[in-house]
Protein chains: 2
Amino acid sequence: MLTQTISATTTKVAPACHAQTPPFADQFSVIARCSGVVATEFSYKKEEEIYGEDEPAEYVYQVIRGAVRTYKLLSDGRRQIGAFHLPGDVFGLDPDSTHRLTAEAITDTTVRLVKRRSLEAAAGSNVQVAHHLWTMTASDLRHAEDHMLLLGRKTALERVATFLLEMDRRLAKAGMMALPMCRRDIGDYLGLTLETVSRALSQLNDQGILAFSSARQIVLRNRQRLADMDA
Amino acid sequence: MLTQTISATTTKVAPACHAQTPPFADQFSVIARCSGVVATEFSYKKEEEIYGEDEPAEYVYQVIRGAVRTYKLLSDGRRQIGAFHLPGDVFGLDPDSTHRLTAEAITDTTVRLVKRRSLEAAAGSNVQVAHHLWTMTASDLRHAEDHMLLLGRKTALERVATFLLEMDRRLAKAGMMALPMCRRDIGDYLGLTLETVSRALSQLNDQGILAFSSARQIVLRNRQRLADMDA
DNA sequence: CGGTCACTTGAGCGTCCTCAACTGCGGTGG
DNA sequence: CCACCGCAGTTGAGGACGCTCAAGTGACCG
């Protein structure tokens, strides 16, 4: 029961070193600058795998544009998405030598990447870089802790409400959010089926809490009521 | 619907500086030694709170003996335990200035503790300490990622099987494990009710996969079948 | 314009939850 | 020393929430 078909073609844009720096004045940039590590750009097509579970962790990535999902699978194909990574987000950061989740591009995606070993070397001589690495991992941990509460204890409606508020915060532009992921992805993130996600969204639409301009273009009409039902 | 009654008395053993070093040749000891930070011992009674969610994170702890649960609550009292901390485990490590979960002693518990600020100061001048801090946080993150898969996608029986294997690995002595926590704690860790946990354990007992010498004293009779049902 | 795929909606079902009763063990006090 | 009490754990019956299976709709793309 594989939940995603992987595109057979792994066409990749030619790495462009010294690419113009995108407008992210973030930790990744800071680290890259501090450490003198050169960041390379790279692109992945929709549905393309970026790295697999248990593969050697050679690079650390930052999303420039597009969206990435990281997930774990059970032997029978049940999938749990741990996080969605949107422009600006760093992923693949792992002090272990192997990745613990699979990463795939949800849409056509461009990333910046640096060698993990370069980063660790930089951390070995620059405590600021080391601190940044720790902070970023801790930030992932905080998200995971919140998500465990959601997965273990929230109802379907509460989960979807939480999801909408998270996505609103992270990718809303002009009061509107354009979800890059399908209903199945949302379900696999929230520990639900795609049908349950769809029903919850329809219910919120019926209640006037949100409005669709298309299935993935959503406007939140009442964030307060959404926050209330988030428990 | 509070799931735990907190003992009103907060009797604490007088802090004993320069206490004899327990036999943990672990990261915590290494760090304490590297950084020259003095570790203090402290004891908590059964059910006593060690720190609360959103309290300032003043200390980092290591369990010497006993057991600790860390959890989050929803407004109506639903609880998600993120982890159980057993002798040797470090908890409360958080680069944020406040704790994100509540920590409580499950049984009478003794911990070593160091000031978080001392640790961070040490990390600022010693890259090995900084690396250790990162590694420990990453280890918590790995556990959380595995647990998200459990909470989002595993059946009740699979969750209990996973739990038993985890506890067997972490606290089995002479083929027997003595669980410090009650069925409700297990349920709140696995995203189940205490009744469902009890039924799953009874079923595994009926199938001869485990045996009870008392409700919390369990012998695993067939780890392979347990691992198989863990999915 | 036809086909495919994402999404929606409905009906029926199953797993786990809720509520309840009962059991057994451990601690305490008469 | 034993009876009693309280709490943890077990077990049962019934119900609800979310899943499964299925059909239908609509949008996008070739």
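No hydrogens, no waters, no symmetry mates; every other heavy atom, side chains included, goes into these values. Here is the naming used below: chain letters follow the sequence lines, and residue numbers restart at 1 for every chain.
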side-chain contact (heavy atoms from CB on, under 4.5 Å) for B/Ile106 and B/Phe84? Distances and angles first, verdict last.
CA-CA 9 Å; B/Ile106 296 175; B/Phe84 293 117; 3.6 Å; yes
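- In terms of phosphate contacts, B/Arg184 brings no side-chain nitrogen or oxygen within less than 4.0 Å of OP1 or OP2 of D/dA8.
- With respect to the salt-bridge test (charged N to carboxylate O, under 4.0 angstrom), the residues A/Asp146 and B/Lys72 qualify.
- Within the 4.0 Å cut-off from OP1 or OP2 of D/dT10, at least one side-chain nitrogen or oxygen of B/Ser198 is found.
- The CZ-C1' distance, from A/Arg78 to C/dT15, rounds to 13 Å in whole Å.
- Contact annotation for A/Gly191: backbone-only contact, meaning every heavy-atom pair under 4.0 Å involves sugar-phosphate atoms and none involves a base.
- Side chain to side chain, B/Glu104 and B/Tyr71 meet the donor-acceptor criterion of an N or O pair below 3.5 Å.
- The main-chain N or O of A/Ser214 is never found under 3.5 Å from a side-chain atom of A/Gln217 such that the two would form a donor-acceptor pair.
- Each end of the helix from C/dC1-D/dG30 to C/dG30-D/dC1 gets its own rotation axis from five pairs of C1' atoms, and the angle between them is 30° to the nearest 10 degrees.
- Between the P atom of D/dG18 and the CD1 atom of A/Ile186 lies a distance of 16 Å, rounded to the nearest Å.
- Annotation for A/Arg153 and B/Arg79: closest pair NE-O, 2.9 Å, computed over non-hydrogen atoms.
- Of all nucleotides listed (D/dG9, D/dC19, D/dT20), D/dT20 comes nearest to the side chain of A/Glu195.
- Here C/dC7 presents its P atom at 11 Å from CE of A/Met181, a figure rounded to the nearest Å.
- The interatomic distance linking B/Leu192 (CG) with C/dT18 (C1') rounds to 14 Å, in whole Å.
- Remark: B/Asp185 engages B/Arg69 in a salt bridge, criterion side-chain N to carboxylate O under 4.0 Å.
- Rounding to whole angstrom units, CG of residue A/Leu150 and P of D/dG18 are separated by 12 Å.
- Counting to the nearest Å, the C1' atom of D/dC17 and the CZ atom of A/Arg153 are 15 Å from each other.
- Note on B/Arg65 versus B/Asp108: no salt bridge recorded, every NZ/NE/NH1/NH2 to OD/OE distance being 4.0 Å or above.
- Contact between the side-chain N/O atoms of A/Arg216 and the OP1/OP2 oxygens of C/dC7 is found at a separation under 4.0 Å.
- Contacts with DNA chain D (heavy atom under 4.0 Å) in residues 154-164 of chain A: A/Thr155, A/Ala156, listed by number.
- Per the geometry, CD belonging to B/Glu47 stands 18 Å off P belonging to D/dG6, to the nearest Å.
- Note on A/Arg142 versus B/Asp94: no salt bridge recorded, every NZ/NE/NH1/NH2 to OD/OE distance being 4.0 Å or above.
- Remark: the B/Arg199 side chain and the C/dT18 base include a donor-acceptor N/O pair separated by less than 3.5 Å.
- Using a 4.0 Å cut-off, no side-chain N or O of B/Thr193 falls inside it from OP1 or OP2 of C/dC16.
- Note: CG (A/Leu194) to C1' (C/dA6) measures 9 Å, nearest angstrom.
- Taking a cutoff of 4.0 Å between a charged side-chain nitrogen and a carboxylate oxygen, B/Asp188 and B/Arg184 do not qualify as a salt bridge.
- Under 3.5 Å, the side chains of A/Tyr189 and A/Glu166 contain a donor-acceptor pair of N or O atoms.
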